[in-house]
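A short write-up of the structure that comes next.
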Amino acid sequence: MRSRLLSTDGGRRTMVLVFDIGDEVAEGLTAFATEHGLTGSAFTAIGALREVTLGYWNWDTKAYERIEIGEQVEVVSLSGNLALGPNGEPKLHAHLVVAKRDGSAHGGHLLRAIVRPTLEVVLTELPAELHRRTDEATGLALLAP
């Protein structure tokens, strides 16, 4: 993954991240946040993937059901945020919609995605820290405003 600082506005940084063939998206975003000391940020992205694992939150089981897509797809929309998790480390929360060759779309929580040929991310640092706390009812690390 390559990155470049686009601007700093009032201490907030806006950056572009370009993922290359074979890069894993969730790991790359989390590592970037750690490396750059991001304590709260939001991002959007477009591109393409060679395989992806989406998650569907099942309220009854309180677990993500995995949706595996093992083919080339277009990233129609990827958006999310990075916040400090309960352990103080960056925690990614992202939702993804991908389109298959026939135009059918599939979406859900981003669990894993392998890039091919590129993923272009615009990430903006927020003016304040975001924190996630473990919600007792779900076991999920939810934003704590």
Exercise for the section: Please report the closest heavy-atom contact between G28 and F19, naming both atoms and the distance. Expected result: CA-CE2, 3.9 Å
Exercise for the section: List for me each residue that meets side chain to side chain donor-acceptor pair (under 3.5 Å) alongside R133, sequence neighbours excluded, and say none if there are none. Expected result: none
Practice task
May I ask you to list the residues sharing a hydrophobic cluster with V122, side-chain cutoff 4.5 Å, ordered by chain and number?
Solution key: none
Fill in the blank from the handout: Tracing side-chain contacts under 4.5 Å among Ile, Leu, Val, Met, Phe, Trp and Tyr outward from I114 reaches none
Handout entry: ILVMFWY cluster, L54 and L111 together (side-chain gap under 4.5 Å)
Key = no
Problem - Closest heavy-atom pair and its distance - S41, L38 - result: OG-CD1, 4.1 Å
Handout entry: Residues in salt bridge (Lys or Arg N to Asp or Glu O under 4.0 Å) contact with D20, at least two apart in sequence or another chain
Key = R2
Practice task
Please check if L110 and V97 belong to a single hydrophobic cluster, counting links between Ile, Leu, Val, Met, Phe, Trp and Tyr side chain heavy atoms closer than 4.5 Å.
Solution key: no
Could you list the donor-acceptor pairs under 3.5 angstrom formed between side-chain atoms of residues 76-84 and any protein atom two or more places apart in sequence or on another chain?
from: N81; atom 1: OD1; to: R132; atom 2: NH2; distance (Å): 2.9

Practice task
Starting from I21, walk the hydrophobic network (Ile, Leu, Val, Met, Phe, Trp, Tyr; side-chain heavy atoms closer than 4.5 Å) and list everyone else you reach, by chain and number.
Solution key: none
Practice task
Examine distances only and state if a side-chain atom of E65 and a backbone atom of I67 form a donor-acceptor pair shorter than 3.5 Å.
Solution key: no
Handout entry: Joint hydrophobic cluster, L96 plus V18, side-chain heavy atoms closer than 4.5 Å
Key = no
Practice task
Please check if L126 and L123 belong to a single hydrophobic cluster, counting links between Ile, Leu, Val, Met, Phe, Trp and Tyr side chain heavy atoms closer than 4.5 Å.
Solution key: no
What side-chain donor-acceptor pairs closer than 3.5 Å can you find for residues 137-145, not counting sequence neighbours?
from: T138; atom 1: OG1; to: D135; atom 2: OD2; distance (Å): 2.9
from: T138; atom 1: OG1; to: L140; atom 2: N; distance (Å): 3.0

Exercise for the section: Apply salt bridge (Lys or Arg N to Asp or Glu O under 4.0 Å) to R50 and list each qualifying residue two or more places apart in sequence or on a separate chain. Expected result: none
Practice task
To the nearest 0.5 Å, tell me how far T30 OG1 sits from E89 CD.
Solution key: 10.0 Å
List the atom pairs, donor and acceptor, that lie under 3.5 Å between side-chain atoms in residues 6-17 and the rest of the protein, sequence neighbours left out.
from: R13; atom 1: NE; to: E125; atom 2: OE1; distance (Å): 2.8
from: R13; atom 1: NH2; to: H36; atom 2: O; distance (Å): 3.0
from: R13; atom 1: NH2; to: E125; atom 2: OE2; distance (Å): 3.0

Exercise for the section: Indicate, with yes or no, if L29 and M1 share a hydrophobic cluster defined by side-chain heavy-atom contacts under 4.5 Å among Ile, Leu, Val, Met, Phe, Trp and Tyr. Expected result: yes
Handout entry: By salt bridge (Lys or Arg N to Asp or Glu O under 4.0 Å) - contacts of E51 (at least two apart)
Key = R112
Practice task
Could you note down all residue pairs passing ring-ring contact (aromatic ring centres under 6.0 Å, His included) where residues 81-103 supplies at least one of them, sequence neighbours left out?
Solution key: H93-H95, H93-H109, H95-H109
Exercise for the section: Tell me, please, which residues at least two apart from E68 pass side chain to side chain donor-acceptor pair (under 3.5 Å). Expected result: T53, R66
Fill in the blank from the handout: For A48 and Q72, the nearest pair of non-hydrogen atoms, with its separation, is CB-NE2, 3.6 Å
Practice task
Report yes if the side chains of F43 and L92 come closer than 4.5 Å at any heavy-atom pair, otherwise no.
Solution key: yes
Practice task
Check whether any side-chain N or O of E71 sits under 3.5 Å from a backbone N or O of R101 as a donor-acceptor pair, and report yes or no.
Solution key: no
